[in-house]
Amino acid sequence: MESPPSSPAFRVGVGRRRRSVLPGFGLTLGYTMLYLSLVVLIPLSALFFKTATAPWEHIWETVSSARVLASFRLTLGASFVAALINAVFGLGVAWMLVRYTFPGRRIVDAVVDLPFALPTAVSGIALTTVYAPTGWIGRWLESWGIKAAFSPLGVTIALTFIGLPFVVRTLQPALEDLDPEVEEAAASLGAGRWQVFRYVIVPAILPALLTGFALAFARALGEYGSVVFIAGNMPMKTEIVPLLILVKLEQYDYTGATAIASVMLALSFLLLLSINLLQWWSTRRQAAG
Amino acid sequence: MSIEVRNISKSFGSFLALDNVSLQVPDGELVALLGPSGSGKTTLLRIIAGLEAFDLTDESAILFDGRDVAREAVGRRRVGFVFQHYALFRHMTVYQNIAFGLRVRTKQTRPTKDEIDRRVRELLQLIQLDTLANRYPSQLSGGQRQRVALARALAIEPKVLLLDEPFGALDAKVRQGLRRWLRRLHDEIHVTSVFVTHDQEEALEVADRIVVMNQGRIEQVGTPDEVFHQPANAFVMDFLGNVNLFHGRVEAGRAVFGSLVIDPPGGLQVDGESARLLIRPYDLEIHKDNRGQAGLPARITRIQSAGPVVKIELVGGNDQPIYVEMAHDRFRQEPRAVGDEVFVSPRVSRLFVEDRQDPGERE
C-alpha cells in the first residue's frame, strides 16, 4: 500500500551522475521529436508561414469580416455546448455501462463507438435525414416550432454525435477505478446518494471528465463532414469555420484560408491548454493513493 | 449500545455465507470475529453495519439496544465503519476526511462551523496526527491512514464501531503498535466495537470476547482465555495457535494413537469411532528413552533455537510431522541434535472423538 515517494532507480537521468535503469531515453526522445516534427509540427508551421506571406491588412480584413466572425462564433459556441452535453450525458452512459450488468450491455458498449467508426459524411447524411423537417424526429420538432436541421441546433446535434465516444471512453476506466468501499464509507458516515455523488464520486472522476470534455471539444472544433449536410451552410447563420476555409480554398484565396486556419489553430490551442491546466490542478490534489 | 443478531442467514447464489447465525454483543465490549477467509465474518460485520442485505425471514433481526434496525439504511444506523484498505477520500485532506460525516448532515442537525472544528481538532489529537491535518491521504503512511479512517468513523459519535480487518494491510510492527493503541482507545471511549480478523494473536490480544467462526457458523464464543484453554472443538483449538494433530481410533474404551494410548477416566463408549488428539507444541516433551511411558518414537529433523523458544521439528511414524517447543534453559539442560531418535509424550492434550470434545483433559 505504501508507495515510496520516488524511487531513484527509475528517475530519468537528466544529470550525468544518475543513470536510469531503463535504457534508451536518448533514442526515444530523438524519435519522438522527429516523428512529432514530421507529422505535426512542420505541417502546422507551414500553415503559419503561408499566412505570413500575405500582407497584414489582408489577413486582418479576412479574419475580422463579419461572415468569418460569425462562423467562429458558431463553431466555438456549438462545439462548447456539444462537449458540455456530452460531458453530462456521456457520464450517464459510462455510469450505466460500468455499474450495471444487463442484457445487451456489450451491444450498447459497441454502439458508443459508432461515431468513431462511421465515415463522417455518412453520419451527416443520416443525421440530416432524421432531423430534416420531413425526417422522423425533425417532423416532431417542427410541430413544436423547433427547427433542428439547417440551424445552429443542427450543428450542435452533429457535434454532439461525433463527440460522445470521447467522453464515454475516457470516463469508463475512471469509473471502474472507483473503490466501492469509498462510497460505502461515505454512506456509513450519513451522506445521502446525492452527497456521495457530489462530494465523493465527482471529485474522483473530475480529471477524466475534463479530459473527455476537452477531447470532445477539440474534435468538434475540427469536424467537417457530419456538419456540412445538416447545417445548411447559410452565410452568417450556419457556416462553420472548416467550411469557410474550404470555400476560401475553392476561390483560390489560399492566404485567406490559412489566415482563418491559423486563428482557429491558435484559439483551439489556447482553449485546450487552459483545460489541461484545469485538469492538472484537479489531479494535483489527489496523487495516487 | 448492545448489539443482537438473531437468526441471520446469507446466501450468495448457492453458497451459504452465513448459516442461521445468532450473536449478542453486550454494551461497551470489544468483540473479535475470528475465522479463516470464507468463514462469513466480514459478511456478518457488513450485515450489522447495513452494507449488506441478508436473507429476510420472520425470525431474523438485528437489534441495537433492543430496537430492530434491520430495515434501516446504513447512514441512519450511526455505525462507524473502518475498512481494511482505509477507504479514505483521496481528494480531501485529513481534516476534511474527519469532518465529512459532520458536514454532510442536514442543516438542522449539523453542528456549527466552530463546533465541527473543535471536534475535528479533538479527534486529531486522539489519533496523534494534529500536525498533519492538511496532508492528503497519499502523503501518509499506512498506519496513519488507518488512524485517520478511525477518527473519521468516530467523528459521527457512532453508537457502534465496526472494523473490518483494520490492521490487515499493515506490516507486522505497525500492526502491533496500532492494536495496542486500539485497545487503549477502547478502554477510554468504551464504544461497543466489533472487529473482524483472521489473526488469532490479534484477537487474543485485543478483544474482550472472541467469536470463532467457520463456514458460516459460529463455533464458539468466549473470552480469550476460554477459547484458548477450553476450545469447544477441534477446529477452534486448531485455529487458535499451532497444534499437532494425531488420528487414531477408540478401542476398548481407550483412544489409541499408535503406541500412544489415552485412557480417559470413565472410558469412552464409542468403540470403533475415529478419534483425534490435539496437542500444542509446548505441551509435548521429548525423552531419550521411553521410560515405561506411552510415548511416540520420532526422529529430530530440524532445530531452530533463534527466538523466544526453541522450536524442534520431528518425524514420527508414518512420516507424521511433529512440532515441539521448549524453553531455552530446558533445552540447555538436555541438548538434542538433529538425527536423534527420541520419544515424545504429551503433558496436556485434548481428545476429540468425532468432533465432540471429551471432557477429560489429560494432565
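All figures in this text were calculated on a predicted structure; none of them were measured in a lab. Per chain, numbering begins at 1; letters A, B, ... match sequence-line order.
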Between CZ on residue B:Arg46 and OG on residue A:Ser188, distance to nearest 0.5 Å: 10.5 Å

Considering all heavy atoms, the nearest B:Met92-A:Tyr199 contact: CE-O, 3.5 Å

Heavy-atom check, side chain of B:Phe83 versus side chain of A:Asp179, under 4.5 Å: no

Please say whether more than 12 non-hydrogen atoms of neighbouring residues, nucleotides or ligands are located less than 6.0 Å from CE in A:Met96. yes

Atom group of B:Arg76 that falls short of 4.5 Å from chain A, counting heavy atoms: neither

Sub-3.5 Å donor-acceptor pair from the side chain of A:Glu181 to the main-chain atoms of B:Ala87, do we have one? no

Checking B:Ala153 against chain A: side chain, backbone, both or neither under 4.5 Å from a heavy atom? backbone

Part of B:Leu88 within contact of chain A (heavy atom distance under 4.5 Å): backbone

Tell me if a side-chain donor or acceptor on B:His91 pairs with a main-chain N or O of A:Val202 at a distance below 3.5 Å. no

Ignoring hydrogens, what is the shortest heavy-atom contact between B:Ile156 and A:Leu189? Give both atom names and the distance. CG2-O, 3.9 Å

Once you round to the nearest 0.5 Å, how far does CZ of B:Arg103 lie from CD of A:Gln195? 12.5 Å

State which residues pass side chain to side chain donor-acceptor pair (under 3.5 Å) with B:Arg135; sequence neighbours excluded, sorted by chain then number. none

